[in-house]
Amino acid sequence: MSDDQLNIVAYCCEHCAYAAADLAGGLRMQYPSAVKVVEVPCTGRIDVLTVLLAFEEGVDGVMAAG
Amino acid sequence: MDGFRHMESMNGEPTGAVMVVGGGIAGMQASLDLADQGFKVYLVESQSAIGGKMAQLDKTFPTNDCAMCTISPKLVETGRHPNIELLTDAEVLDIAGEVGDYTVEVKRHPRYIDTDVCIACGDCATVCPIVVPDAFNEGLAPRRAAFKLYPQAVPNAYAIDKAGVAPCRDACPAGQRAQGYIALITDGRWDDAMRVIKLDNPFPGICGRICNHRCEIACTRGRVDEPINIRALKRFITDKVYARPRQPVEAIPKTHDESIAIIGAGPCGLTAAQDLAMEGFAVTVYESMPVAGGMLRLGVPEFRLPTEVVEREVQDIVDLGVEIKLNHTVDNLDDLFDVGHNAVLIAVGAHEGVRLPIPGADLPDVLINTQFLRDMRLGHYDEGSGADVRPLGRRVLVLGGGNVAIDVARSAVRLGREVHMACLETRDRMPAHAWEVEAAEAEGITVHPGRTFERILSDDEGRITGVECQEVASFSFGEGGKLSVSTVEDSTHVLECDTVIFSVGQRSGLAFIPDDAGVGVTKQNTISIDPHTLAANREGVFAAGDSVSGTSFVIEAVDSGHKAAASLLRYLRGEDLTPPPGPEYPVASPTDEELGQRIASGHIVRRPRIPLPELPVEDRIGSFAEIERGYDDESARAEASRCLACGVCSECMSCAFACGVNAVDHDMVAKISKIDVGAVILAPGYQVYRAELAEEYGLGRYPNVITAMQFERMLSASGPTTGHIARPSDHATPKRIAFLQCVGSRDQIRDYCSAVCCMYATKEAIMAKEHEPDLDIQVFMMDMRAFSKGYWSYFERARDRYGVEYTRCRISGLREDPATRNLMVRYNDEAGGLHEEPFDMVVLSVGMEISDSVRELGNRLGVELDEYGFCHTAQFNPLESSKPGIYAVGPFREPKDIPESVIEASGAAAAAAARLNESRFSLTTTPTFPDERDVSEEDLRIGVFVCHCGSNIGGFLDVPDVADYAGTLPGVAYSEANLYTCSQDSVKHIAEQVQEQQLNRVVVASCTPLTHGPLFRDMLRSAGLNPYLFEMANIRNQCSWVHSNDNEAATAKARDLVRMAVARAGLLEPQHTFEVPVTKRALVVGGGVAGMTAAATLAEQGYPVDLVEREESLGGNLDRVRMPFQGKRPQDLLAELTSRVERNPLIDLHLGSRVTGSSGFMGNFTSTVREADGSESEVEHGVTILATGGQEYRGPEYGYGTDPRIVTQQEFEQRLETEDIPDSVVMIQCVGPAEKYCSRICCTIALKNALALKERKPDAQVVVLYRDIRVYGFKERSYTEAREKGVLFVHYEPAEKPVVEANGSLQVRARDPILDRALELEPDLVVLSMPVVPRDDSDELANFFKCSIDADGFFLEAHVKLRPVDFSTDGVFMAGMAHYPKLSDETMIQAQAAAARAARVLSRDTLLAGGQVAVVDHELCTGCLTCVRVCPFSVHRIDPDQPGIGGILGAATIEAAICRGCGVCVAECPGHAIQLMHFTDSQATAKVAALLGHSPEGFVPLDSIGVPSR
């Protein structure tokens, strides 16, 4: 499986990490398309179950940034 | 106070608007505070976006927060506030009126991009060929002339950096954008270059060869070395384009009934024909000759202008649908009207040569220039075809010295003749271009200058034998152009020849205009016209070109043709013929000084023109092949790269062509408007000291010396090096960096401390070490001025944990090692040892200064400035300038850091609001929306709109495919792709689709919700949908841009992201807000300077205040401050403040009282006050300001309390009021807790008291033992003054603290590090500079109001930088020394700021609650307190009367009015009793399920496993 076929969910706080991901785009930085950013109101909103559920759904990795 | 006095003097109500000048952090804060309080705000910013200096910063001290992350929400809030009008690219010119009723004149500079239309796609910058240093990146990176100030800029729109019209364009009669095509040539964009030339000139190939190129005379490069060879570059472009087969030009459909006749198919007539055809008119051109092109085709020899070039350019015009009737002589104008033309343009040119009236002029072998050239061009002199023309003799004499004469002569040479030229003028004053004369001579033509032509001699058979001439002594033109010549006596001679060709001028052939045609002819045989409209005397007849001006150059004919067409258009449309007055475009002409600087800095390198290759002379004669060869690609680009880009923007128009929403308008001009406001807040900020002016630092000369601001950009991840530290000289990572402090501060010229440099250098050192842990950093400083909250520990962290080395000295020299480009820094250590050490890079900690433009602003407004340009403010109203109602904030008053600027901004907002109180909400607006559609019973109908964003998305992934795919997703009723979803048209279109398609959820797949979410949510509201029924898929910033190398992967991911967004959209529900009433009353705790100022400020705005003070009298610490500081008398201030409070009927004073409890939330607090008499009363209030103050520390250090000769500064100050003045004093700084944190004010107080002692007893000896003297800003001056007055300062290291002994005599022992010896002093008095510590009851009070305190016991603000007077608990604010030690004016300002923040709440009748907030399901709540503990904003509380799980009383409640919707409690609640509205568990997990291809129904969401979905 190539990197791009993986699914990595990046939970990003809409106040900071999400904006950083936007800026990465503005700077035309490149990263694997496997990464899918999901915005959250605060990384504090993510609980263990959220993460486990993602794995249960079949994602290959979860990242929380905030 | 005096604010009211001014108010009373005014007639009527004040204007409910405020102008804020400067869009940095202070300006934004002032604007937001005022707009939120019901005032209309005009925010004037000189740059193209707000954000100021803070937006340039990488991190902020002392928290290392990302500056952009913290400022960005403020930018967005300011930009979107309905009552803040952003005036970017603007400056204030003048002010009139008085407080409450000012009229401000504002000039808005043209931005050339309409911010209302621009969608910031960046296509303009992509195509812009102009590269300039990016000032936002401090010159470390290039940017384009079309630019956005920085990625997060507000307004989110591009701007064009244009200094004015380039001199080359200005000089061109047709306004050719020479800088534009030159820039495009540099870029190798031949077709784009051709396009811009053709915008103004249909004959580029022709002008590229024969134009007289005035552009080159005007070219600024000519002032450096040689002008750019613009004409050759123009020709180069046409050669490149014409080397390819011509593509027919598309015909323009005729959209008008009228038709126009043009007489003459020369450059003027054809230009007009083109313009009129482009407008959709039928045009017929009547040409008497068998070919079109006029003089271009018939008057210029082939070797200068090949026929094919003329034919090609004429054909481009014919293709548009212009009819040319060749061989068609117009005999009279009536015929043209008779055949149905509605208007006529005469553009016949000047084809008739002039014959001098001398004897022999009518001999058969005498030819005329134009006729000769025409015959030649028509092929009549070609070998074997010369039957119908007079053959040339062997020896040809051309009479005349102009360019046409040269053409004639050089043509004759090519026909194999011996050619001579004779003219009136001397050789060096011949009218022909010098290089033309030289070329002619090179081809063997003999020039006989300075002759008169007396007669043409002939033999008996009438064959010419020669021309009799005299030599000219001098000649001049008298009145009416009459020539008078004096000749040299006895100089008559004969120039022998067989053929004479006159070339002494041309004129129009106007025979077709009979006297009764109604068209006048001038004495010069030109057509009489109105010069403004080109209209001839006869209605509907116009004339242009050589036929009205006499002979001129082709570019003038083009210009004349354009003007004629414009005039004809106005005539045909029935408009006034006079052209509307056009705006004046400034010409951009760099000054000699600027050029000198650019040469000195190496940006301009002198190099001459690239020579243009020519056909060798031997190949020229006998051939009509073109002489000039064009540039090749490489030479053309090299020549083009010499352009100095005078206008910055080259007006190449690439941006206008690229812009998909037509936002570009290069014709914008500056606009001046008058704006009525009640008050003005000046927050223009500072400029960093221009260290290049101080040669000793080598900035600008040594590449590896940079400013701290440059280093800041280097550290920034979005900066020029994406966060890598690189030496400018070789981009290597440095190993050793030196920071030089106090550059442009604390020196002979600037006697102030810039207050921020010590800390920002420390921050930059820390960040550099984080980037490169092996880096050695040495900071050369005088004192470590870590004087504010958290600063000292920040410094200690840099020194101890990061290993930053601090050396206490100013360097004595700096030089560059030319081989390594390292910098050799010479310095003395504290013991006096001299060192010289190499560093890879040197960072200059440049100070703050006021720019010339800000000084000029201050002078224009009439506010008092000091010699450095800083603004003076009033003593008891520290933010007001010398002019009432004009406030100054931020570094404009005094150098300062971000939080203090923010505090001042809020403070000024409060002061302005107090002045304009009556007019609150008089000029503000509230957006209105239609009623919301109830969608609860509707089936799901999702609309998906996928954006191309020009090529930003569409160029990297398959947008139509994604849109089609979206249409197949469950619940999607409609999908489409848009070029730009956010353009005004598209937003309107989507709103229409919502209604037409009855959509009830909307998904936009485009850029980022952070910038565009609010726009689309408003769109939903305008379409009658709840704004929460909206979802975005970020397929640009997080897809097309970051996977730009892989179209397939990007498309696949975009499909995923759209599917995820649709899945979540399907679960969205409307959310509603509701209003909670506000108690319009404030509680202020503390009756010192802070509390009194806050109470008075609020009461003066009309809000009742309960002021609770635990002492029996007002005043707090101020009562104990006796000595004046820098002219300010504390007791006067106290008296003024006390009477202001006591006099105000809206203030309820509670003296000798305490707050004993409080409940409620912002807008609705209830607190209990125990009064002096022991009774308890309840106070209802909407806001709380805690101003409980601090107190002087009284610990046992240095023997305090053991001997009356060991006193504190406060005690010393009181003693100075008595007669008992000591003869000698030792002051010890940094006592007790101040070893741990800097108490900020002790140095200032010590200096004040030392000076007071010196004033009373000049011989008194004062020794100050200190670690660092931390006087900041202008307080530095008292340090200088103290040293001048003989106060001795001795530094001590914390490890070697002074020792005080009081056994009989008082003894102080310390070690002098400079003399390196022990110091023993026996003063009369030891004065301990005791720090300020928090009041002992501040933590109890904080507890009542659920507020935080820091490790040192001071109140903890919500955000150190941007919310410096707010607690994180909403509705509670702080001021004064309870927050941190500060001086009285700082305290007053902070109290005003707290009042402003409080007034934002009190000015509203209700607060909006609801939306994305957390909600407790009480039936599941066990009242476990988890949520109460985790909420960062102290929102949750346990309601003892609320039944929870199993009916047990005491469940958690969340006040919707203050919940921020972060959802932390949701994640933490062990019983899953809390849900976050708009982010329920199923909404949160829907995206992940959809990513893996599961439908929302196909997986088990959290709220289905035990937690009921809401």
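Reminder, nothing fancy here: chain letters follow the sequence lines and each chain counts from 1.
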Original post:
Ignoring hydrogens and geometry, is there a side-chain-to-backbone donor-acceptor pair from A/Lys36 to B/Lys1053 under 3.5 Å?
Top reply: no
Original post:
What part of A/Val59 lies closer than 4.5 angstrom to a heavy atom of chain B: side chain, backbone, both or neither?
Top reply: both
Original post:
With a 4.5 angstrom heavy-atom cut-off, which part of B/Glu1468 approaches chain A: side chain, backbone, both or neither?
Top reply: neither
Original post:
Looking only at heavy atoms, what is the nearest atom pair of A/Arg45 and B/Ala1484, with distance?
Top reply: NH2-CB, 4.3 Å
Original post:
What distance separates A/Asp22 CG from B/Thr1011 OG1, expressed to the nearest 0.5 Å?
Top reply: 7.0 Å
Subject >> A/Ala21 to B/Gln1038 - nearest heavy-atom pair and separation >> reply: CB-NE2, 3.6 Å
Subject >> Max heavy-atom pair count under 4.5 Å with chain A, selected residue of B/His1043, B/Met1060, B/Gln152 >> reply: B/His1043
Original post:
Can you find a pair of side-chain heavy atoms, one from A/Val9 and one from B/Leu1491, that are under 4.5 Å apart?
Top reply: yes
Subject >> Interchain contact, A/Tyr18 with chain B, by part (heavy-atom threshold 4.5 Å) >> reply: both
**OP:** List the atom of A/Cys42, the atom of B/Val1464, and the distance in Å for their closest heavy-atom pair.
**Re:** SG-CG2, 3.9 Å
**OP:** Find the one option among B/Val1488, B/Leu1057, B/Asn1037 whose heavy-atom pairs under 4.5 Å with chain A are most numerous.
**Re:** B/Asn1037
Subject >> CD-CG distance between A/Glu39 and B/Asn1034, expressed to the nearest 0.5 angstrom >> reply: 8.5 Å
Original post:
Is it the side chain or the backbone of A/Ile46 that comes within 4.5 Å of chain B heavy atoms, both, or neither?
Top reply: backbone
Subject >> Under 3.5 Å: donor-acceptor pair, side chain of A/Gln30, backbone of B/Trp1041 >> reply: yes
**OP:** Name the region of B/Ala717, side chain, backbone, both or neither, that has any atom closer than 4.5 Å to a heavy atom of chain A.
**Re:** backbone
Original post:
How far does CG of A/Leu23 sit from SG of B/Cys69, to the nearest 0.5 angstrom?
Top reply: 8.5 Å
**OP:** Select one option (side chain, backbone, both, neither) describing which atoms of B/Met68 are under 4.5 Å from chain A's heavy atoms.
**Re:** neither
Subject >> Exercise: identify the closest heavy-atom pair between B/Leu1476 and A/Pro41 >> reply: CD2-CG, 3.6 Å
**OP:** Of all the heavy-atom pairs spanning B/Ser718 and A/Leu27, show the shortest one and how long it is.
**Re:** CA-CD1, 3.7 Å
Subject >> Distance, nearest 0.5 Å, that separates NE2 of A/His15 from CG of B/Leu1010 >> reply: 9.5 Å
Original post:
Under 3.5 Å, side chain of A/Arg28 to main-chain N/O of B/Ser1044, donor-acceptor pair present?
Top reply: no
Original post:
Non-hydrogen atoms of chain A under 4.5 Å away: do they reach the side chain of B/Asp1056, the backbone, both or neither?
Top reply: side chain
Original post:
chain A heavy atoms under 4.5 Å from B/Pro73: which part of the residue, side chain, backbone, both or neither?
Top reply: neither
Subject >> Sub-4.5 Å side-chain heavy-atom contact between B/His1472 and A/Asp47 >> reply: yes
**OP:** With a 4.5 angstrom heavy-atom cut-off, could you sort out which part of A/Val48 is near chain B: side chain, backbone, both or neither?
**Re:** neither
Original post:
How long is the gap from CG on B/Asn1045 to OG on A/Ser33, to the nearest 0.5 Å?
Top reply: 11.5 Å
Original post:
B/Ala1467 and A/Gly44: which non-hydrogen atoms are nearest, and at how many Å?
Top reply: CB-O, 2.9 Å
